[in-house]
Amino acid sequence: MSSFDEADAFDAASVPLSQRAMQSARPAPYLDGLNPAQREAVETLDGPVLMLAGAGTGKTRALTARIAHLMTQGKARPNEILAVTFTNKVAREMKERVSSLLGQTVEGMPWLGTFHAICVKLLRRHAELVGLKSNFTILDTDDQIRLLKQLVVAESIDEKRWPPRQLAGIIDHWKNRAWTPAKVPTSEAGAFNHRGTELYDYYQQRLKALNAVDFGDLLLHMVTIFQDHPDVLAQYQRWFRYILVDEYQDTNVAQYLWLRLLAQGHRNICCVGDDDQSIYGWRGAEVGNILRFEKDFPGAKVVRLEQNYRSTPHILAAAAGVIDANKGRLGKTLFTDLTEGERVRLIGHWDGEEEARWIGEEVESMSRGTRGMEPVSLDDQAILVRASHQMRAFEDRFLTIGLPYRVIGGPRFYERLEIRDAMAYFRCAVSPDDDLAFERIVNTPKRGLGDKAQQKIQRAARDNGTTLIDGARILLADKGLTGKGAAELRVLVDGLARWHRMTRDPDQSHIELAEVILEESGYTAHWQNDKTPEAPGRLENLKELIKALEQFENLQGFLEHVALIMDNETEEGGAKVSIMTLHAAKGLEFPAVFLPGWEDGLFPSQRSMDESGLKGLEEERRLAYVGITRAERVCTISFAANRRVYGQWQSALPSRFIDELPEAHVEVLTPPGLYGGGYGAAGMASSASPAIMAASQSDLHDRAGRADVYNSPGWRRLQERSSQRPMRQPSEQRNMTIDLDAVSSFTDGDRVFHKKFGYGTVMAIEGDKLDICFDKAGQKKVVAKFIVDADRADDVPF
DNA sequence: TCATCTATGGTTTTT
DNA sequence: CCATAGATGA
């Protein structure tokens with residue numbers, strides 16, 4: 001593993017610690033500008049510390065300053081500090097910030113990383129204690145499910161009624177709680193048709209046999225090792241003088257145990273978090289961990305960071321009003337020095353498409369600058385949704401009006417089909433015994449090796465007690481396979497052997513090798529021959545993958561890295577408005593934030609409430625809190641009375657969270673088309689007269705209590721109507737104004753290409769918008785500038 | 001073995 | 001409605 005240099009990680013320098021303090025006669029510059037609370041959090045170095053850091057209170061700043069302080073005070077060498085984060089991105093940013101605070105590149109911090117990355121390092125050193133070899137492979141979710149599927153099928157369980165995916169979820173859940181098969185409590189015995197525990201046990205055996213681990217194992221194995229081998233634990237307890245944990249409210253039981261075990265040495269643990277931002281309960285995070293901190297670490301110092309540097313007072317007050325409804329909080333009151341600012345804006349719409357239309361226009365008008373306000377760049381605006389399916393309405397709309405956008409948190413780079421395939425090839429080349437990888441690529445691209453041929457290979461391997469690749473060799477030698485399939489398999493097996501030799505050649509550039517593998521295996525050609533619209537993008541991604549190799553010394557190091565890494569944010573092009581889920585937005589901030597879809601059932605999500613009751617509702621509320629607190633200057637909340645869900649029209653009530661918004665901090669905008677604003681929604685945003693807005697606002701606000709949209713005449717009317725069927729089909733729009741300058745050069749029947757939708761045929765033309773029937777994506781209206789002739793698909797103007 | 005049809009089910013997501 | 005996975009026929 002290339003990023004891990006053992007010598008560096010554990011090299012105890014000969015100079016005594018006390019003398020290794022960086023001579024700092026000058027006052028530490030990293031303390032400049034910290035407020036008293038931050039300063040306390042930075043300077044309280046010894047003993048347990050809980051840093052309760054509200055949204056936008058300079059948490060990262062305090063955390064990095066603390067690390068800098070530890071080093072300059074000579075409290076610990078960089079390699080004696082354990083600093084844990086949840087994402088690689090945050091880990092990387094922290095490293096950068098510490099370096100810049102100290103004004104020099106710190107001799108790396110080998111133990112600053114994600115839980116998983118750190119556990120990989122540790123587990124490689126002690127793999128044998130849990131029956132693994134130190135070169136174990138890390139399975140991704142896909143491999144995990146395929147493995148479980150094999151088990152389920154082998155046990156002749158009906159995989160329809162008992163999907164392997166579900167079993168994967170159950171096992172994950174158990175691993176999150178640090179339960180080995182033997183430790184799964186009897187209360188769980190009914191899981192997966194009473195076979196859950198048993199299958200979990202088989203699965204673990206299978207993993208061991210494959211010398212593989214899944215993500216959950218990384219933590220679980222380390223906890224097991226620490227618990228069963230006190231000598232090993234003691235070594236690390238001694239080594240890690242200071243421990244820092246980011247986003248502590250998101251830790252699960254396994255992570256909690258792991259931390260607690262390590263912290264029992266020096267007891268210098270600083271956990272940073274915000275119970276109000278705990279939004280990952282559904283994947284095993286335990287808010288209880290942070291709520292219990294003072295009990296776990298008696299005498300802990302609790303520091304509250306409450307000065308907010310991000311949002312206006314109205315936004316903070318609105319957020320506070322919502323989160324206040326939750327019980328059992330540790331409690332923080334955010335305040336700000338700012339005095340100016342708009343109230344949180346609230347607007348209701350007839351349906352989801354109108355909401356998208358309105359937001360589209362609002363985004364545009366904000367980026368242009370409106371009502372005497374400074375323009376807000378598209379980069380500074382974000383639409384935060386509860387569920388990713390809500391994104392489509394916005395994508396469709398923005399595509400139509402030609403508003404540049406980016407979707408954050410789509411399929412992760414390393415999760416993409418082509419990347420996983422390519423990785424599987426690399427894995428096979430590096431370790432010929434990686435059966436799961438071989439299974440993945442044996443018939444990708446198609447080699448005429450279908451189920452039957454693969455079963456033969458499996459049998460040959462099993463009968464000879466060897467790997468699949470060797471099984472394939474034996475099968476070929478025995479003439480157990482003939483014809484085209486055999487020839488292709490021969491080529492593949494020979495290729496793999498050759499590539500494997502090349503991985504061992506120190507003179508062989510791994511980058512070239514990777515290209516050779518993808519080329520010779522026919523994988524590149526496979527996508528070149530593919531005419532689907534996504535093929536060019538996939539080839540692009542493969543190029544990216546090759547480029548990413550440059551940062552590594554060899555394929556092994558790269559594979560290691562990619563198994564754990566996720567962020568691949570290649571950003572190009574001009575300013576774009578961001579669309580993402582609320583979960584993805586945590587930790588980010590934007591001057592202008594839109595929060596659509598605040599309807600009961602959607603947000604808070606019905607499923608959360610059904611499955612987790614009050615706990616679920618409270619987590620949803622924290623999500624609302626996270627959403628509002630992302631906004632720096634303008635926060636716009638909206639809801640729609642009707643929404644098409646799975647093709648059916650459904651009406652909904654505004655979210656109960658809307659009732660929780662304190663009236664004094666909310667401005668209710670005219671629900672276009674429903675209340676006071678005439679018929680059309682289009683045009684309301686940018687051209688609504690201030691008088692109308694003001695009138696509607698005072699009308700609604702003169703009422704006692706909350707900014708209660710329920711009681712607005714428009715809302716009532718809407719309610720009455722929505723109990724029936726929507727009157728107006730949402731996609732039916734007024735005639736577009738034809739902009740003569742923009743009239744396109746296309747005519748009906750032209751074959752065209754669109755970057756996202758692929759190839760299609762022009763059906764109709766309306767001004768600068770084309771009605772196109774796409775081969776794959778169906779009929780859509782798209783602005784002409786995003787379209788090119790089909791034969792010029794290479795220079796799409798994106 | 002591959003392409004096309006049909007049924008199914010459908011938050012949130014990192015590692 | 002729409003994406004996707006598994007079953008079915010060529």
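Excluded from the calculations below are hydrogen atoms, water molecules and symmetry mates; all remaining heavy atoms, backbone and side chain alike, are included. Lettering of chains follows the sequences in order, A, B, ..., and the numbering in each one begins at 1.
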Mind checking [X] for me? I need base, sugar-phosphate or nothing, with any heavy atom below 4.0 Å counting as a touch.
X: A/Asp214; answer: nothing
X: A/Glu620; answer: base
X: A/Ser605; answer: base
X: A/Leu449; answer: sugar-phosphate

Rounded distance in Å - [atom1] ([X]) to [atom2] ([N]):
X: A/Asp610; N: B/dT12; atom1: CG; atom2: C1'; value: 15 Å
X: A/Arg607; N: B/dG10; atom1: CZ; atom2: C1'; value: 8 Å
X: A/Glu488; N: B/dT1; atom1: CD; atom2: P; value: 12 Å
X: A/His389; N: B/dG10; atom1: NE2; atom2: P; value: 12 Å
X: A/Lys446; N: B/dA3; atom1: NZ; atom2: C1'; value: 11 Å
X: A/Arg643; N: B/dG10; atom1: CZ; atom2: P; value: 20 Å
X: A/Gln650; N: B/dG10; atom1: CD; atom2: P; value: 15 Å
X: A/Met580; N: B/dT12; atom1: CE; atom2: C1'; value: 15 Å

For this session: Assign each of A/Phe115 and A/Gly448 to its nearest nucleotide of DNA chain B by heavy atoms, then name whichever residue's nucleotide is nearer the 5' end.
Result: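 Mapping each residue to its closest nucleotide by heavy atoms, the 5'-most match is A/Gly448.
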
Problem set entry | 5′-ward residue of the pair A/Gly216/A/Ala453 relative to DNA chain B |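 Here A/Ala453 is the residue nearer the 5' end.
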
Quick one: which of [options] gets closest to the side chain of [X]?
X: A/Ala387; options: B/dT12, C/dC2, C/dG6; answer: B/dT12
X: A/Arg392; options: B/dT1, B/dT12, C/dC2; answer: C/dC2
X: A/Lys452; options: B/dT13, B/dT1, B/dC2; answer: B/dT1

Salt-bridge contact [X]-[Y] (side-chain N to carboxylate O under 4.0 Å):
X: A/Lys59; Y: A/Glu247; result: yes
X: A/Arg283; Y: A/Asp172; result: no
X: A/Asp434; Y: A/Arg427; result: yes

Exercise. Is the ring centre of A/His583 less than 6.0 Å from the ring centre of A/Trp282?
Worked result: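 A/His583 vs A/Trp282: aromatic centres under 6.0 Å.
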
Exercise. Is the aromatic ring centre of A/Trp282 closer than 5.5 Å to the centre of the six-membered base ring of B/dT12, with the two planes inclined by less than 30°?
Worked result: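 Yes.
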
Exercise. Looking only at atom P, what distance separates B/dT12 and C/dA5, rounded to whole Å?
Worked result: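 Nearest-Å result for B/dT12 against C/dA5 at atom P: 16 Å.
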
Exercise. Phosphate oxygens OP1/OP2 of B/dT12: is one of them under 4.0 Å from a side-chain N or O of A/Ser388?
Worked result: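 Yes, A/Ser388 has a side-chain N/O under 4.0 Å of OP1/OP2 on B/dT12.
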
Problem set entry | Audit row: A/Trp258, A/Tyr256, ring-ring contact (aromatic ring centres under 6.0 Å, His included) steps and yes/no | CA-CA 5 Å; A/Trp258 184 83; A/Tyr256 163 80; over 10 Å; no

